[in-house]
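What follows is a short report on a single structure.
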Amino acid sequence: MSDTNRLGATDAENGLRTTETADDAALNQAFDVLGDRRRRAVLETLYAADEPARSIEDLAGVLARGPDGSDRERALVGLHHSTLPRLADEGVVDFDPRTDVVRYRGTDPLDELLDVLVDESDCPD
């Protein structure tokens, strides 16, 4: 089947790509990992940090909301069992569960998106 549209122009002539490129895949990955609030908060924190690595305790503090610490425990469990393994599987962080240290690795598209997100979070409302 041809990729000619109703007007007779091909997708290539219209500037559309019919196959996914490596750049598209990397951008899709960046949007996917940023699509979850907890993953986004972790990545923003790591990206904006002065130090290249953060402890899981620090990250749990960022995610925790309640003053009683119960949310902190929930955040720690979520980081250990869901958030950090997913980010590590995607190759955007290194997580050493023995030392509980997390390092941001990122990708070019992810870095560009985080630049915008971190800059917007610094802006006053």
Kindly give the heavy-atom pair with the smallest separation between [X] and [Y], and that separation in Å.
X: V92; Y: Q29; value: CG1-NE2, 4.3 Å
X: I56; Y: L76; value: O-CD2, 3.9 Å
X: A41; Y: L63; value: CB-CD2, 3.6 Å

* If you measure from OG1 on T45 to CZ on R40, what distance do you get to the nearest 0.5 Å? -> 11.5 Å

* To do: Any chance you could measure E57, atom CD, to L79, atom CG, to the nearest 0.5 Å?
  => 9.5 Å

* To do: In sequence, state the C-alpha distance, the side-chain angles, and the governing distance for L43 and L117, and then conclude on side chain to side chain contact (heavy atoms under 4.5 Å, CB included).
  => CA-CA 10 Å; L43 290 171; L117 291 172; over 6 Å; no

* For the residue pair D100 and H80, establish whether any side-chain heavy-atom pair is separated by less than 4.5 Å. => yes

* What salt bridge (charged side-chain N to carboxylate O under 4.0 Å, His left out) pairs are there with at least one residue in residues 47-56, not counting sequence neighbours? -> R54-D58

* To do: Any salt bridge (charged side-chain N to carboxylate O under 4.0 Å, His left out) involving residues 28-37? Give me the pairs, sequence neighbours left out, ordered by first then second residue.
  => D32-R86

* To do: Using the test side chain to side chain donor-acceptor pair (under 3.5 Å), find all partners of D115 that sit at least two apart in sequence or belong to another chain.
  => Y47

* **Counterpart residues, side chain to side chain donor-acceptor pair (under 3.5 Å), relative to D111 (two or more places apart)** => Y104

* To do: Is it possible for you to say whether V118 and V102 belong to one hydrophobic cluster, with membership spreading through side-chain heavy-atom contacts below 4.5 Å?
  => yes

* salt bridge (Lys or Arg N to Asp or Glu O under 4.0 Å) with R105: which residues, sequence neighbours excluded? -> D94

* Structure fact -> Residue set satisfying salt bridge (Lys or Arg N to Asp or Glu O under 4.0 Å) with D89, at least two apart, ordered chain then number -> none

* Asked: Checking E44 side chain against L114 main chain: does a donor-acceptor pair fall under 3.5 Å?
  -> no

* Among all residues two or more places apart in sequence or in another chain, which pass the side-chain contact (heavy atoms from CB on, under 4.5 Å) test with E112? -> none

* To do: Please list, chain by chain and in numerical order, all residues satisfying side-chain contact (heavy atoms from CB on, under 4.5 Å) with L27, sequence neighbours excluded.
  => F31, P109, L113

* Verdict with supporting geometry, V42 and V62, side chain to side chain contact (heavy atoms under 4.5 Å, CB included) -> CA-CA 8 Å; V42 166; V62 169; over 6 Å; no

